[in-house]
Amino acid sequence: MTKILVTYDMFREGFNELVEKYDVTFPDEKGFSYEQVLEMIPEYDVLCSMFDFPVNKELMDRAEKLKLVANYAVGYDNIDIPYAIEKGITVANTPDQVTAPTANLALALMLDAARRVTECDRRLRIEGKNMKIGVLENLGVGVTGQTLGIVGMGRIGQALAKRANACGMEVLYHNRRQLDLEAETRFKVEYVSFEELLERSDFVSLNAPYTKETYHLIGENELRKMKSTAVLINTARGPLIDEYALIKALKEGTIRAAGLDVFEFGDYPSPELLDLDNVVITPHIGTQTMQTRIEMAKAVCDNVIGFFEDDRPVKRVTPLIKW
Ligand code: GLV
């Protein structure tokens, strides 16, 4: 019987169909460690991995029976794709279920950073009646009439453009390739160079995959090109931003604020970020709703079942063309 290894703990209702058809191994609530998976993998035909679980050469070399890696995420920077291809291992992801919740969180971070929602909430709780309030205090900036620059115009970038249109924003974008005219008209977006996007945008949102080319896409130089009133949003992957350069820029007022759902050095922000009022931070919750979690699990099942039974589409991943 086909053997499936799931590395992470997840609501089981998302996996019902898989369990009915195959021999599925789930971990306890801690999930399987890399070392445990390395030990177990030779037995398995399918690996269901989480976005931060490394599927590397070492693991694939031990995976004698492995035919499919079904990643629970849209991003797949945790997987050595060229090596998987070399080994004849198919890789699949879950793009559709991730789009709306991630775009919603990007918008939430934009509004929060612009209107200082979390900052005011925090200060009101901590300072109580000592917090200065009044019509000229705690001024934020609006989003209506402002310009949003979206870096990466895939599904999530496009979903964010729609939301920004609804808020009355102008939308610029930069992408590996320009959208066709019909799509640009539909999303009301203007294609510009990366540099022009940085210079013209009041808000910059990163919605690009993490690759060698997008590592530190935003560093000291790029931050200097941005408006001193600009707000930077990252719901993609932490290493797209040089976090130390961002901390310096936020401290020195090179840009106004940032909203971050991901961090350069793993799950947690650099401690210096915690001391800054002009940054809103969330712990990678882009898809963290119960409904999305279950939908993503079902998408993983569809990829596995579609792969073996050819009765539904498989969201196959291919190496990214150069950014
Ligand atoms: C989450 O980070 C994803 O890639 O889906």
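Quick caveat, the model's predicted, so the values are computed rather than measured. Start at 1 with the first residue, then count along the sequence. Start at 1 and go down the list; that is how both ligands and their atoms are numbered. All values below were derived from every heavy atom in this structure, side-chain atoms included, with hydrogens, water molecules and symmetry-related copies excluded.
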*Does a salt bridge link Arg62 with Glu58, judged by any charged N lying under 4.0 Å from a carboxylate O?*
no

*Is the closest basic N to carboxylate O distance between Asp302 and Lys298 below 4.0 Å?*
no

*Thinking salt bridges, do Arg155 and Asp96 make one under a 4.0 Å N-O criterion?*
yes

*Between Asp277 and Arg122, is the closest basic N to carboxylate O distance under 4.0 Å?*
yes

*Looking at Lys251 and Glu272, does any basic side-chain N land under 4.0 Å from a carboxylate oxygen?*
no

*Listing by chain and number, which residues have a heavy atom under 4.0 Å from ligand 1?*
Ala73, Val74, Gly75, Val98, Arg237, His284

*Would you call Glu190 and Arg200 a salt bridge, using N to O less than 4.0 angstrom?*
yes

